[in-house]
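Just so you know, ligand 1 is whichever comes first in the structure, and atom 1 is the first atom listed for that ligand. For reference, positions follow the sequence shown, starting with 1.
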Amino acid sequence: MIININSIKQNTSKIWLFFLDLIFPIECLGCGREGFWLCGDCFKEVKLKPRQYCLHCKKENDFGQFCPPPARPNGFGRSGGCRVIYSLDGVFIAALYDELLISRAIKSLKYHFISGLADDLGKLLILFVDKMLEQAKVVRPGLAAGLDRRIFEQAKNMPATILNFSDNLVIPVPLSNKRLRWRGFNQAELLARKVAENYGLALDASNLIRTKHKKPQAKLDEIHRLENIKDCFFWQGSNLNKKNVILIDDVVTTGATLNECAKVLRAAGAGEVFGLVVAKG
Ligand SMILES: [Zn+2]
Ligand SMILES: [Zn+2]
């Protein structure tokens, strides 16, 4: 039997919390220091992903967009037009899963029910977004002044999601009710709340619904992932009126889950839809 420590902790009195902390002490996942899930020193060691890429063909770019459609109809190459296959515009990936601390933190958050780690991983997402927005800031004044060909080229490739960051709607990838009951919280929602709060963005954590509880995606290959996730989501909110959406999840693998969410959001009137995740699994 799996004991959900987090939900026990949330539902018990202070005196019981004291005993639970004795049995399950809080220790840094990196160095074992007590009182932190991820201490300041270890957090500083986590490296952000230096470059983004098209999730489909892995060609590097600035903002994780899928490769745009080729200019000429016969221009399809290995790394051309990946975007046409997806409903999603791209995925921002904050860190590398092969960093031991990142994979440990994500696993502890999801499978050991340590919701406190969402604070640290949320902080990491914010550091990463700050860095992307820093790039946008270089471009914006140039645009206003209407100068410089280099800045113009940069701005042309910059998603509106980044350029007009404060207009985004943040939506966490939902869990099914069954999985939510099992875990006691949706890790993607905890991360989304952190990000939305930090930047003062609108958050909708209730209108994107996951209908079916299927097999966990982690156990399936790419073809079966697509089949497993198909038609699992629906949107019960009002029309999104071209609003750009940042979809938040802990990990992306093939992008099948994010893409299914994006398909539903686009049908509901969303503009750009980008994923924002802690790492690529
Ligand atoms: Zn540490
Ligand atoms: Zn591509």
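Taking the six-membered ring for Trp and thresholds of 30 and 60 degrees, Y86 and F66 have nearly parallel ring planes, at less than 30 degrees apart.
At the Zn ion (ligand 1), the vertex angle linking SG of C42 with SG of C28 is 110° (nearest 10 degrees). Atoms SG of C67 and SG of C54, as seen from the Zn ion (ligand 2), are separated by an angle of 110°, to the nearest 10°. To the nearest 10 degrees, the angle centred on the Zn ion (ligand 1) between SG in C39 and SG in C31 reads 110°.
Of all heavy-atom pairs spanning G255 and L55, the tightest one is CA-CD2, 3.8 Å.
When atom types are taken as modelled, the side chain of R266 and the backbone of G271 share a donor-acceptor pair closer than 3.5 angstrom.
Within the 2.8 Å limit, C57 places at least one N, O or S atom next to the Zn ion (ligand 2).
Side-chain atoms of N207 and D204 include a donor-acceptor pair closer than 3.5 Å.
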